[in-house]
**Q** 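This is the structure I want to talk about, given as structure tokens.
Please read all numbers here as calculations on a predicted model, not as lab measurements. Scope of the values below: all heavy atoms of this structure, side chains included, with no hydrogens, waters or symmetry mates. Letters go in sequence order (proteins before strands), and every chain restarts at 1.
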Amino acid sequence: MSSRAGALQDLDPGSKPSSTAVIDCDAHNHARLSDLLPYMPARWRDYLETVGLRTLTATVAPLRTMSSRSDAVPPSGIPGTDVDFFRRQLLDEWSLERAVLNPTTMWGAYVGSSQAEALNDALVCATNDWCAQQWLDADPRFVGALSALIESPGRAVSEIERWAGEPRFVQLLLPLRLRRPLGHPQYREVLRAAAARDLPVAMHPGPGENPGHPMTGTGWPSYYVEVMTNVPAGAVPHVLSLIFEGVFDDLPELKIVMTETGWSWLPALAARADRLYGLMPGEVPSLKRKPSEYIRDHFWFTSQPMEEPGQDRFFAELLEEAGIADHLLFATDYPHWDFDSPTAAVPATLPDVTRRNILADNARRLYGFEIIDSGDAPR
Amino acid sequence: MTIAPPTAARVDSEVHSIIGYDRLAEDLDPRWSEHVWASGYRGPGGASKPYPPKVPTSVGDSWRNEGTVPGATIATLREQVFDDGRCDFAIIVPSLAFDIDQIWHPQMAVAYAQAANDWTIGMWLDREPRVRGSIVLPARDVSAMVDEIERVADHPGFVQVVLPVRSESPYGSPNFQPVLAAATRHSLAVALHPGGFPGNPPTPVGWPSYHIEEVAGLTPLFTTQLTSLISNGAFQRLPELRLVLLETGFTWLPPFLWRFDQEWRGLRREVPWLKSPPSEYIREHVRVTTQPLDAGSSEAALRAFEWLESDDMVLYASDYPHGHGQNQEVFLDALDEDAKANILGLNARAFYALG
């Protein structure tokens with residue numbers, strides 16, 4: 001149902017037909033620990049039975065469970081766990097063509113640095129089996145993100161290879177809070193495996209295995225509002241590291257999807273990186289292009305939370321300065337509290353072609369989605 | 001010894017005075033100069049040195065001069081900052097403030113901070129009426145920081161304290177409250193400047209590999225400090241508190257304000273003491289400088305300035321002698337007359353109460 005993502009040079013905007021369809025590039029299904037146990041080896045089921053999880057609190061508590069919408073709690077009690085409820089409330093209600101499922105909640109909750117690596121790996125692999133069998137099999141409109149134990153690169157590569165024949169996993173999903181910036185050579189073999197399979201690599205806010213570093217470069221914040229405001233601060237070091245470590249020269253087909261990080265910070269960052277590169281190119285002599293050119297070609301961004309500039313007209317200016325009108329992917333972030341509506345979030349002041357690109361066509365080109373003809377009238 | 005700048009003066013809000021640890025060791029109390037001599041301490045090195053002497057970001061090409069250290073003496077400052085008519089008035093920020101937190105010996109850190117501030121008074125403030133100074137603080141010990149403010153704050157030449165932007169916990173957290181209170185009590189602004197080496201890495205994901213990577217990624221350190229100060233209610237507790245973010249430019253600020261306001265609207269129950277959107281507190285209490293001008297073109301810089309929707313927040317700064325590889329004059333000349341006058345001098349006069 002899904003062809004592999006196109007080569008970079010084929011991702012020319014306008015090269016595929018468009019419609020007013022909507023593709024959601026960031027929705028969250030959630031596995032209870034009991035959902036994962038059937039997919040885990042007996043050794044680790046027994047271990048969890050006797051010792052239990054040894055994860056560390058590695059975040060600042062949100063304002064409600066799963067930081068969810070209050071109306072997204074299904075009868076079973078936990079948001080994101082009930083396939084039918086999820087399907088009705090997200091896919092049917094908004095007539096979505098597809099939704100990319102990013103299961104992020106095992107990071108920090110079940111998977112952590114203070115546990116055996118093999119247990120962490122078993123939990124991550126079980127998440128993929130659960131996602132494939134309980135979600136992707138349930139509805140063709142669901143596609144999934146593949147989880148992998150990035151801090152153990154060999155295990156991550158094995159997991160990517162285990163799913164090599166599964167086109168419904170359309171991206172590799174990594175938490176933002178790694179032990180090192182993503183360009184560091186220690187992660188290269190994982191990125192190489194993803195690029196070789198044309199799997200875009202998505203990064204999403206989350207504690208990962210709990211890297212042991214404070215949540216910001218200036219220590220631990222006090223409040224959740226600080227955490228949410230500074231999500232971009234967690235994305236910036238990865239963007240710079242991927243560029244200055246020469247990852248895109250090494251892996252020219254690599255595509256990075258920054259999820260939920262915003263993108264209004266791009267113009268200032270790109271200008272800053274270009275200026276510094278102009279001043280001291282000698283420290284990174286292997287670079288072949290200006291930093292902003294790598295950003296333009298290799299990074300995609302999901303839309304939620306949709307940027308809300310001080311005046312409406314600033315949005316189009318911002319989009320132009322950022323240069324990502326063909327790399328911005330609509331997302332709702334369902335079932336979280338800051339859900340963006342498919343009909344209201346993309347500014348109506350944008351040209352129709354830009355709106356269609358953001359709502360669906362950019363995602364089609366990135367992920368190689370074919371258009372589903374469901375017979376329903378498109379929105 | 002101090003004078004007010006003339007009305008039309010161009011005020012340079014960030015000029016660095018440069019002093020080496022070995023030179024400053026001569027000024028220490030003998031108990032500490034002996035200790036420094038015996039231990040062979042020459043000041044921080046390696047990654048804890050945010051300005052490696054030979055890179056352009058440490059000394060710009062136009063100021064690099066064989067055999068002299070820019071910013072080391074008042075004669076050099078007069079020649080390189082004042083004499084070409086580029087500015088009439090300058091706020092001096094001593095280089096020691098960027099890495100003094102690398103001295104883990106608490107009493108020795110105090111000795112260096114005292115020597116640095118006495119050097120600023122004796123060599124700069126008492127000799128040149130066109131400059132104002134910044135107080136260096138021993139950044140690891142809150143009570144010692146307060147003591148040092150109390151020791152020198154009465155000198156009329158000091159207009160601010162300067163803290164490294166990197167810290168072990170953010171400056172809005174309650175343990176730093178006495179420092180903010182002491183500065184405010186003495187009508188001193190609080191300046192944050194790139195630097196500091198608190199032990200925790202400068203990103204949430206560990207250590208960057210390259211100097212260029214680290215410098216390109218400095219902005220988030222300012223956003224996390226700013227978010228912390230606002231969210232913890234620093235400006236409610238200290239309505240007179242003034243904050244200036246040095247050497248980080250302004251083009252990143254409008255998008256940051258938008259996101260902060262947006263998240264606050266959703267999460268304001270968590271911080272009920274904030275009575276208005278964060279951007280309103282920031283517009284009232286916080287200033288940023290023109291250098292470095294991180295925009296792809298003058299047009300992009302003007303656009304970012306328009307997005308800021310404020311003529312009051314930006315202060316002209318050269319960041320002498322640091323080099324940033326750009327000419328801000330094109331941007332300044334493209335501003336309308338009122339905005340230009342504000343940025344070049346009026347905003348700094350008001351913020352620093354220069355008279």
**Q** Are the side chains of E263(B) and P305(A) in touch, meaning some heavy atoms are under 4.5 Å apart?
**A** yes
**Q** Are the side chains of S231(B) and E226(A) in touch, meaning some heavy atoms are under 4.5 Å apart?
**A**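 In contact.
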**Q** If you take the centroid of each ring, where Trp contributes its six-membered ring, are W273(B) and Y223(A) closer together than 6.0 Å?
**A**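 Yes.
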**Q** Working to the nearest 0.5 angstrom, can you tell me the gap between T251(B) OG1 and L269(A) CG?
**A**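 Nearest 0.5 Å value for the OG1-CG distance: 9.5 Å.
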**Q** Checking the side chain of E245(A) only, and the main-chain atoms of Y210(B) only, is there a donor and an acceptor separated by less than 3.5 Å?
**A** no
**Q** Side-chain contact, heavy-atom cut-off 4.5 Å: H213(A) with P204(B)?
**A**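 They are not in contact (no side-chain heavy atoms under 4.5 Å apart), so the answer is no.
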**Q** Which heavy-atom pair separates D294(B) from A271(A) by the least distance, and what is that distance?
**A**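 Answer, listing the atom of D294(B) first, then A271(A): C-CB, 3.6 Å.
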**Q** With a 3.5 Å cut-off and no angle check, do the side chains of E309(B) and Q311(A) form a donor-acceptor pair?
**A** yes
**Q** Counting N and O atoms only, with roles assigned by atom type, does the side chain of R275(A) sit under 3.5 Å from a partner on the main chain of A216(B), one being a donor and the other an acceptor?
**A** no
**Q** Heavy-atom cut-off 4.5 Å, strictly under: side chain, backbone, both or neither for N230(A) against chain B?
**A** side chain
**Q** Answer yes if the side chains of W307(B) and E317(A) hold a donor-acceptor pair under 3.5 Å, and no otherwise.
**A**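 Yes, a side-chain donor-acceptor pair sits under 3.5 Å.
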**Q** Which answer fits V271(B), side chain, backbone, both or neither, if we ask what part of it has an atom under 4.5 Å from a heavy atom of chain A?
**A** side chain
**Q** Examine whether an atom of P198(B) lies under 4.5 Å from a heavy atom of chain A, and if so say whether it belongs to the side chain, the backbone or both; otherwise answer neither.
**A**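 Neither part.
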**Q** Do T218(A) and Y171(B) make a side-chain contact, defined as non-hydrogen atoms from C-beta onward lying under 4.5 Å apart?
**A** no
**Q** Compare all side-chain heavy atoms of E168(B) with those of W220(A) and state whether any distance is below 4.5 angstrom.
**A** no
**Q** With a 4.5 Å heavy-atom cut-off, do Q225(B) and T216(A) have their side chains touching?
**A** no
**Q** For the residue pair T219(B) and V236(A), establish whether any side-chain heavy-atom pair is separated by less than 4.5 Å.
**A**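 T219(B) vs V236(A): side chains apart.
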**Q** Inspect the contact between R259(B) and E308(A) and indicate whether a charged nitrogen and a carboxylate oxygen are less than 4.0 angstrom apart.
**A** no
**Q** Under 4.5 Å from any heavy atom of chain A, what part of E214(B) do you find: side chain, backbone, both or neither?
**A**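 E214(B) has no heavy atom closer than 4.5 Å to chain A.
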**Q** Roughly how far apart are Q262(B) CD and E307(A) CD, rounded to 0.5 Å?
**A**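 Q262(B) atom CD to E307(A) atom CD measures 6.5 Å (nearest 0.5 Å).
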**Q** Is the side chain of E283(A) donor-acceptor paired with the backbone N or O of I212(B) at a distance under 3.5 Å, no angle test?
**A** yes
**Q** Is the closest side-chain heavy-atom distance between V205(B) and R179(A) below 4.5 Å?
**A** no
**Q** Using heavy-atom distances under 4.5 Å, tell me whether L176(A) contacts chain B through its side chain, its backbone, both, or neither.
**A**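 L176(A) touches chain B through backbone heavy atoms alone.
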